There are 2 protein chains.
Amino acid sequence: MPRAPNDTAYLAKLQDYYARWRSLPAYGPLRDVLGLASRAGVAQVLHRLRDSGFLERTPAGRWTPTARFFERPLADAPVPAGLPVSATDSGEASSIDAYLIRHPSRTVLVPVTGDSMLDAGIHPGDRVIVERDAPARPGDLVVAVIDGELTLKTLAVENGEAVLRPANPAYPVLRPGDRLDLFGVVVGLIRSYRR
Amino acid sequence: MPRAPNDTAYLAKLQDYYARWRSLPAYGPLRDVLGLASRAGVAQVLHRLRDSGFLERTPAGRWTPTARFFERPLADAPVPAGLPVSATDSGEASSIDAYLIRHPSRTVLVPVTGDSMLDAGIHPGDRVIVERDAPARPGDLVVAVIDGELTLKTLAVENGEAVLRPANPAYPVLRPGDRLDLFGVVVGLIRSYRR
DNA sequence: GTCTTTACTGTACAAATGTACACTAACAAT
DNA sequence: ATTGTTAGTGTACATTTGTACAGTAAAGAC
């Protein structure tokens, strides 16, 4: 029989299935997903992927992905003349959640509306990742509460007074004085180009 | 027996379990998780949660969360008085990875260098999420291989010929002719403001 | 009170599950 | 050629699974 320890391909199939269904099937259906002919073969694949750190068991005995399962490959940016070969995959990998979110319980996503931060590369429809109760320093992007609404601005200091500066010069600089109510500090941004 | 259709509490237990293990157990273990005494009771709870739109079945027959399963209650974060409810973002997916990445095995992160796409809100240091071997249509952001380097451009058609258009007008429009080598299509973008 | 409904229990059972074991084909090294 | 290793197959079996069905306790309606 074929001697191909192609666990990378098996892992890819599991990742795609899990991305679609947020769940891993039993050995029976998994046999078809992986393209094997026996459930015993499925068991061997799963045990190998556990030994590689991609899967683990729940206390209930079911297979479940580990953090490593969700890591995404990172392509090298400027690819040398060698070409698309090295462009495929490079060693580094990271999970987007782990990359952007440090304190999950204090972190929320806020949809962006309006174009006041367009010059800062923040578009309507983007979602900014906001860490609440984080210390804000001048120059930070912050979400402030102005008149009961969330507003995205850059925190700055003028004459010892905290002010909120929009990236779009068509909007005015806000000087809330000591009534500055910060919702949180922007630590990241995500954008989807689909649809 | 207690007449308490407290599916909210059951849902919370499932959410906690799933957040911890990224998987739902079988009826047997679920009996203990939900605090019930029979698997038949578990079945009734799950069917009710499916009718409410919180769960569904995989093609393999397993229970799995729906998008609604991951919605956050509005009172989740202590929001200052008078704040618009829409600020706290309901209906968010469990993870950013799940929100942005649909085909994990074909998806790669590419760091952005250079400022040719600055006017499209794509900064140096950002990372674009690229789906390889996806069909590209005019207007799509694409990563192309030009002279052995990855280049981020907008795909367009001029006189029936595919061209690559930078967002920054200081850069030229590329006309690779039929030697157009696409690395993939940009489906998302992430940016970290830390450090 | 007497119905009716509801949320669960307990039992039963065919079907599916996970795993152990022996077996086999393909490859590598000597 | 022989040997050893590897990645899978096929079979067998005890256990577990999901579900159907009858039964029961609690609450509301009348």
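Naming: A, B, ... by sequence-line order, numbering from 1 per chain. All of these numbers come straight from a predicted model, not from anything done at the bench.
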Review point. Charged N to carboxylate O under 4.0 angstrom, Glu131(B) versus Arg102(B)?
Key: no
Exercise for review: Give the rounded distance in Å between these two atoms: CG of Leu30(B) and C1' of dT9(C).
Suggested key: 17 Å
Review point. Separation of Asp32(A) atom CG from dT9(D) atom P, in whole Å?
Key: 11 Å
Review point. Out of dG8(D), dT19(C), dT19(D), which has the shortest distance to the side chain of His47(B)?
Key: dT19(D)
Check your understanding: Does the side chain of Val128(B) come within less than 4.5 Å of Met117(B)'s, by heavy atoms?
Key -> no
Exercise for review: Using distance alone, with no hydrogens and no angle criterion, decide if Tyr171(B) and Asp115(B) have a side-chain donor and acceptor under 3.5 Å apart.
Suggested key: yes
Check your understanding: How close or far is atom P of dT24(D) from atom CD of Gln44(B), stated in whole angstroms?
Key -> 16 Å
Point to revise | Side chains of Leu11(B) and Leu55(B) in contact at under 4.5 Å (non-hydrogen atoms) | key: no
Review point. Nearest 0.5 Å, what's the CD1-CG distance between Ile190(B) and Asp126(A)?
Key: 13.0 Å
Review point. Roughly, in whole Å, what's the span from CG in Leu49(B) to C1' in dA7(C)?
Key: 14 Å
Practice item. Report the distance from atom CG of Asp7(B) to atom P of dT6(C), rounded to the nearest whole Å. Key: 13 Å
Review point. Just wondering, do Leu189(A) and Arg127(A) contact through their side chains at under 4.5 Å, heavy atoms?
Key: no
Please list, pair by pair, any protein nitrogen or oxygen found under 3.5 Å from a nitrogen or oxygen in nucleotides 14-18 of chain C.
unit_1: dG18(C); atom_1: OP2; unit_2: Tyr27(A); atom_2: N; d: 2.7
unit_1: dG18(C); atom_1: N7; unit_2: Arg39(A); atom_2: NH2; d: 3.1
unit_1: dG18(C); atom_1: O6; unit_2: Arg39(A); atom_2: NH2; d: 2.5

Check your understanding: How long is the line joining CG of Leu46(A) and P of dA20(C), in whole Å?
Key -> 14 Å
Review point. Quick one: which of dA7(D), dC8(C), dG10(D) gets closest to the side chain of Ala40(A)?
Key: dG10(D)
Point to revise | Whole angstrom value for the distance that separates C1' of dT6(D) from OH of Tyr10(A) | key: 12 Å
**Study point:** Rounded distance (Å) that lies between atom P of dG10(D) and atom CZ of Arg31(A)
**Key:** 10 Å
